[in-house]
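First comes the structure, then the notes that go with it.
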Amino acid sequence: MTWLEKLNNWIGYNREYEAQRLAELVAIPPDERLVRFADFIDSETDFKPSKANMFFGQFWDTFKKPPKERNYVQKLDLCILIYSLLSFLVKTLDNSNVSNAYVSGMKEDLHLYGQERNLFTTFFNVGSIIGAVPSQMILNRIRPSVWIPSCEVSWSIMVMVIASTKGAKLIYVMRFLMGITEAVAYPGFALVLGSWYRPDELAKRMTIYDGAWAIANMFSGYIQAGVYTSMNGLGGLAGWRWLFIIDGLIGLPIAILGYFAIPDFPINTRVKWMSQTQRDYSVIRMAEVGRKPPRKLTPKRLGQMMKSWRPYGFIWPYILFNICDTSSYWNLWLKSLNIYTVQQINLIPTAGYACGLVSGYLIANLSDRAGKRFPFLMLAVFFNFLGNLLLAIWNIPFGVKMFAFFLPEIGYPLWGLMLTWSAETFQDDTELRGLVVALGGTLSSAMGAWFPLVAFPTPQAPDYKLGYKLVTGLIVLEALGIVFFLIMSKRELKTRGKVLNKFGLAVDIEDYTDNGTDVMSLEMDNDEGGTRNYRSKGEDFEVTVKDVVAYEKT
């Protein structure tokens, strides 16, 4: 084996081996699976959790699971969920601290009295525009366990470089490069998480991962307040400079841990914290859900993706929610009041982020338990709409205005639920799942590069003439986008000849399984009612003749 082949085996994939392995594992009969994976599959069908586990299971699903399945999912949580949360927390902390540093001395020290604050965001967004989609294309060639940590190491170093700046120009350069390297993180981890968890598990975990944004913003406020109080002037450095140094030092060890913690995908994982039997079981587990493994992304497949409704149905509400985030303008209003200290200006918004964490968990938990996404997405949109509507009015009592800044934070769970919904609706195409999030982020960044300059120009702060009014109208369009996504996903269920499996997810007829039994071993009969009946291990279900004929033609 040449050094090039060895390098490819370390950083890349072997698609032929993966396809062969998938076929062999899926072909294992159900009875044999119970024996082969006895350490992970609970054979006792009459399992009943204790009263205590039932109570705690209302808040976290693993408590209600049978012992072996519970241990398996807890291991995934410990290694995948916790690491992705830490990584995204560090990324968001690095990104959000520019705003905190700006109101904590950087503006005065660097004489930033123009549009520099918005331009810091603009340069970062330009970098994200350039880096997001290529990064997802790279993930089709290079493993997430190699590419994502390498980018994390790079951006941690760049954050510390900002501490040495003497003007805005170096910050522009670093923010641009950070945008390129950070672009892989959000869609990359969403792709990995969506490849390991079942529908009753995914929304909570995706929302907790997405909630790292709120946690990072909370920590950012506390860290900045602590740094400003205890380290300002230490070693001759201003407190806001120490903030960037500390952020980088936090990020580096977490980035290095990623080389060992990120498991890639079930079909090709090689992490040491899983045995070979656990890896095989992971493939079977996701096959039963209907989640397809990654495949080689060709120009033909890419063209087919872009001709369908799918990218546009997801991107429409995703972009609008992204650019309608007005949380970063809260501290500018607080500063304009001239009644709060620097520490208070940084700390007060953290209460809003805390509300976002609580509402995010509660809404996602209810969504998982109900097995539905749409109504809970609309609930999140309502909070965003009401908060920005009040801010658009602006001339309202102080308490109402403070409440208005809280409301959009309560509606923040929309992102996590959208990621979950897309992961389930597009579960037949792993590459599409990653690309729609990346493309949505790219277009969001493209709009974010100029939208704040037009809607929220810094000299008008905090009473913007257009900003909150425009955002309120865009949120209405966002709600319409979610309705469109629902309609098209239901239409696709019929037009593409799909059926719903036991998880309530759409799968091709040949992939329908009932405890591992293939639906195509069935008897089929036409009836006068325009349906065709199927039987699988005594379970009857039916789809329209039109759908079956469409399937048979393929």
Side-chain angles (χ1 to χ4, degrees), residues 82-107 109-110 112 116-117 120-121 123-125 127-128 131 148-168 170-186 189 209-258 261 327-328 331 342-343 345-347 349-350 353:
I82 297 300
Y83 179 79
S84 61
L85 191 152
L86 287 174
S87 176
F88 189 45
L89 187 151
V90 169
K91 170 193 174 294
T92 310
L93 189 66
D94 294 345
N95 191 26
S96 65
N97 276 343
V98 169
S99 178
N100 285 326
Y102 182 84
V103 298
S104 302
M106 185 171 73
K107 174 182 177 180
D109 289 353
L110 301 183
L112 309 177
E116 291 90 353
R117 181 183 181 276
F120 293 154
T121 301
F123 275 94
F124 179 85
N125 288 339
S128 296
I148 295 178
S150 299
C151 291
E152 289 177 327
V153 169
S154 299
W155 82 55
S156 295
I157 295 173
M158 294 174 196
V159 168
M160 290 188 285
V161 171
I162 293 178
S164 66
T165 186
K166 296 181 179 179
L170 179 61
I171 301 178
Y172 294 153
V173 174
M174 290 298 103
R175 293 283 291 171
F176 171 74
L177 295 176
M178 286 171 62
I180 292 177
T181 55
E182 289 187 2
V184 66
Y186 191 79
F189 278 117
Y209 160 67
D210 188 70
W213 174 88
I215 297 174
N217 280 283
M218 289 176 63
F219 282 178
S220 178
Y222 289 118
I223 291 174
Q224 180 63 62
V227 168
Y228 191 88
T229 301
S230 61
M231 300 187 69
N232 189 29
L234 181 64
L237 296 178
W240 64 266
R241 294 184 186 272
W242 277 112
L243 177 65
F244 292 110
I245 295 174
I246 291 172
D247 287 348
L249 292 176
I250 292 173
L252 274 176
I254 293 176
I256 294 172
L257 181 61
S327 59
S328 62
N331 58 8
V342 170
Q343 291 87 344
I345 291 172
N346 283 301
L347 292 178
T350 64
Y353 302 135

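Partners of Y172 by ring-ring contact (aromatic ring centres under 6.0 Å, His included), not counting sequence neighbours, listed by chain and number: F120, F123. Applying the side-chain contact (heavy atoms from CB on, under 4.5 Å) criterion to S84, with sequence neighbours excluded, gives L81, F189, L193, Y209. Looking at residues two or more places apart in sequence or on another chain, you find no side-chain hydrogen bond (donor to acceptor under 3.5 Å, both in side chains) involving W242. Under the rule for a side-chain contact (heavy atoms from CB on, under 4.5 Å), the partners of A183 that lie at least two apart in sequence or sit in another chain are A132. Here R241 pairs with nothing under the side-chain hydrogen bond (donor to acceptor under 3.5 Å, both in side chains) rule; sequence neighbours left out.
The shortest distance between side-chain heavy atoms of F124 and V98 does not fall below 4.5 Å. Looking only at side-chain heavy atoms (C-beta outward), L85 and L89 come within less than 4.5 Å of each other. Contact of the L237 side chain with the I245 side chain is registered, since non-hydrogen atoms from C-beta on lie closer than 4.5 Å.
Summarising the geometry of V159 relative to M178, their closest heavy-atom pair is CG2-CE, 3.6 Å, with the distance given to 0.1 Å. Contact record, L110 with I171: CD1-CD1, 3.9 Å, taken as the closest heavy-atom pair. Scanning all heavy atoms of the two residues, the minimum distance from S156 to G251 falls at OG-C, 3.4 Å.
We find the OG-CD distance between S128 and E182 to be 7.0 Å, quoted to the nearest 0.5 Å. A distance of 9.5 Å separates CE of M106 from CG of L243, quoted to the nearest 0.5 Å. For the atom pair CG of L86 and CG of L257, the computed distance is 8.0 Å after rounding to the nearest 0.5 Å. Atom CD1 of I254 sits about 7.5 Å away from atom OH of Y83, to the nearest 0.5 Å.
Looking only at distances, no side-chain donor or acceptor of Y186 sits under 3.5 Å from a matching main-chain atom of F88.
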Would you list the atom pairs, donor with acceptor, under 3.5 Å between side chains in residues 160-168 and any protein atom, with sequence neighbours excluded?
unit_1, atom_1, unit_2, atom_2, d
S164, OG, V161, O, 2.7
T165, OG1, G167, N, 3.2
T165, OG1, G167, O, 2.5

Audit row: V90, D247, side-chain contact (heavy atoms from CB on, under 4.5 Å) steps and yes/no: CA-CA 7 Å; V90 169; D247 287 348; over 6 Å; no

Start with the C-alpha distance between T181 and L177, add both sets of side-chain angles, then the distance that settles side-chain contact (heavy atoms from CB on, under 4.5 Å), and finish with yes or no. CA-CA 6 Å; T181 55; L177 295 176; 5.8 Å; no

